[in-house]
Asks: 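Here's a structure for you.
Letters go in sequence order (proteins before strands), and every chain restarts at 1. These numbers come from the heavy atoms of this one structure, side chains and all, not from hydrogens, waters or symmetry mates.
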Protein chains: 2
Amino acid sequence: MSEAQTLAEKVFSELATAIVRGELAPGEKLSEQALVTRYGGSRAPIREAIQKLEARNLVVRVPHAGARVVSLSLEELRDIYEVRLELESMACRLAAERMSDADISALEKLLEEHARSIEADQGLSYYQKSGNLDFHYRIIEGSKNSRLHQMLCGDLYHIIRMYRYRTSTSSERPLQALKEHQGIVEAIKSRDPQLAELLMRRHIQVSLTNLETRLAHEARH
Amino acid sequence: MSEAQTLAEKVFSELATAIVRGELAPGEKLSEQALVTRYGGSRAPIREAIQKLEARNLVVRVPHAGARVVSLSLEELRDIYEVRLELESMACRLAAERMSDADISALEKLLEEHARSIEADQGLSYYQKSGNLDFHYRIIEGSKNSRLHQMLCGDLYHIIRMYRYRTSTSSERPLQALKEHQGIVEAIKSRDPQLAELLMRRHIQVSLTNLETRLAHEARH
DNA sequence: TTATTTAGGATTGTCGACAATCTATGTCTG
DNA sequence: CAGACATAGATTGTCGACAATCCTAAATAA
């Protein structure tokens, strides 16, 4: 991913991927001593790594009590999706205004690749998972708003990916998703910000709706 | 503000307010040694405080080169305002859906106080400054979205307040602002999310527009 | 038995020193 | 004179140990 210039960054990177992949369960405690024996080094860089994880909302630290992998309630997860929905819709609107023609044609080529990929493995399409992310990532970049990029890619996506196993959304309907992606690109190409935003909002809304029904279901227990 | 359970938190708190107040200029370097001699303690808690500042985007740290107070370009500042505009508009829409009746009547009382305050000191209204913040803060709380609250109050507002001296917006037109606030509350009271969002968007948009004209002006040099 | 208290152990916060890296000054060479 | 290079100083990253705090569990009392 990114080359670590310091031990703390290296440990941070490894821990972050471990958390996102679920190798460290939500709520699990991160003992500094244990991390020292596992990753080597001393406690100083480990503490720094933990604090970096806290900065990205991947762990929660309470003074004199240590750090634990973040464990989100369904309500907090709903909150995150809600914000993501808004910010990505915004990004799509801005992308329709600010993407260069070269960016747009590159985006079209990406979708053509996705189409071929889906056709090849008959909708099984494991590639679509990262492909989906790639598409959304390019839209966010296309907004030309660095802070927006930072918020979506730096903070929210890690957590969303971390809880992906619960909400089985996009990877189930690759063809439908592709069509929606194509519609979005079409709107961007015709420089229609309002339409682009609307289509992206609908595209993401299904995830939020799925989550909320699940939330309502679990609330019944 | 908040009681510090540890030395690192205390130093962080003091440094944060110092940065927001402009006592530490943007781009100024934060030498660990200098901070040790100033705030006492050893380098460990100072480093932790600096890292916490980095987490809130108040300083920028580069490995082996130290930390500096964040110095935003006008483009980055525009990006931040753009995101804030979107998120606060969203918060206002959600507030219209989710605020309790008690919350709303409390909000009305707040505006009545503001009205009296403005009448008292004839639009000079130094109180309006914090009052303005207070109003926006309550709307954000009214969204009942913890993550949204965290993003707006935790991250964006510190930076916006830090650069407030440049953009002289709201404190100049307290009466106009109050009327806009009243319109927003009216929309919330009548449970009209779309209207509430629209009014809040317009209310904040003037800040963004001011900033962008200034940006265009400075770009000419 | 249950609730409270009180050591004991373990964990986190802090400290001072050492190692690795960067920056600035001055020198040398073309 | 300009620019590359090397050395010296300062700054940051890392280490191991100590102090402060919390969590656990045994012991005591109601």
Asks: Test: salt bridge (Lys or Arg N to Asp or Glu O under 4.0 Å). Region: residues 7-22 of chain B. Which pairs qualify, not counting sequence neighbours?
Replies: B/R21-B/E23
Asks: How would nucleotides 5-11 of chain D be written as a contact map, 5' to 3', with B for base contact, S for sugar-phosphate-only contact and - for no contact, using protein heavy atoms under 4.0 Å?
Replies: ------S
Asks: Short question: side chain of B/N145, backbone of A/D79 - any donor-acceptor pair under 3.5 Å?
Replies: yes
Asks: Going by salt bridge (charged side-chain N to carboxylate O under 4.0 Å, His left out), name the residues that satisfy it together with A/E82, two or more places apart in sequence or in a different chain.
Replies: B/R98
Asks: Closer than 4.0 angstrom, basic N to acidic O: yes or no for A/K144 and A/D103?
Replies: yes
Asks: From D/dG13, C/dC15, C/dG13, pick the nucleotide closest to the side chain of A/R61?
Replies: C/dG13
Asks: Got a sec? Which of residues 47-54 of chain A come in under 4.0 Å of DNA chain D, heavy atoms?
Replies: none
Asks: For the pair A/H149 and A/Y137, name the ring-plane relationship: parallel under 30°, tilted 30 to 60°, perpendicular over 60°.
Replies: perpendicular
Asks: Mind checking side chain to side chain contact (heavy atoms under 4.5 Å, CB included) for A/T213 and listing every partner two or more places apart, or none if nothing turns up?
Replies: none
Asks: Please list every donor-acceptor pair under 3.5 Å in which a side-chain atom of residues 49-59 of chain B meets a protein atom from a residue at least two apart or in another chain.
Replies:
| from | atom 1 | to | atom 2 | distance (Å) |
| --- | --- | --- | --- | --- |
| B/Q51 | NE2 | A/E48 | O | 3.0 |
| B/R56 | NH1 | B/H158 | NE2 | 3.3 |
| B/N57 | OD1 | A/Q150 | NE2 | 3.3 |

Asks: Given atom CG of A/L7 and atom P of C/dA20, what is their separation to the nearest angstrom?
Replies: 13 Å
Asks: Choose from D/dC15, D/dG13, C/dT14 the nucleotide whose nearest atom is closest to any side-chain atom of B/T6.
Replies: C/dT14
Asks: How many Å lie between CZ on B/R43 and P on C/dA19, as a whole number?
Replies: 15 Å
Asks: Any carboxylate oxygen within less than 4.0 angstrom of a Lys/Arg side-chain nitrogen, looking at B/D101 and B/R191?
Replies: yes
Asks: Tell me: CZ of B/R68 to C1' of C/dT23, nearest whole Å?
Replies: 11 Å
Asks: Could you check A/P63 against A/E9 and say which one's nearest nucleotide on DNA chain D is further toward the 5' end?
Replies: A/E9
Asks: From the list D/dC15, C/dC15, D/dT12, which nucleotide is the closest neighbour of the side chain of B/A44?
Replies: C/dC15
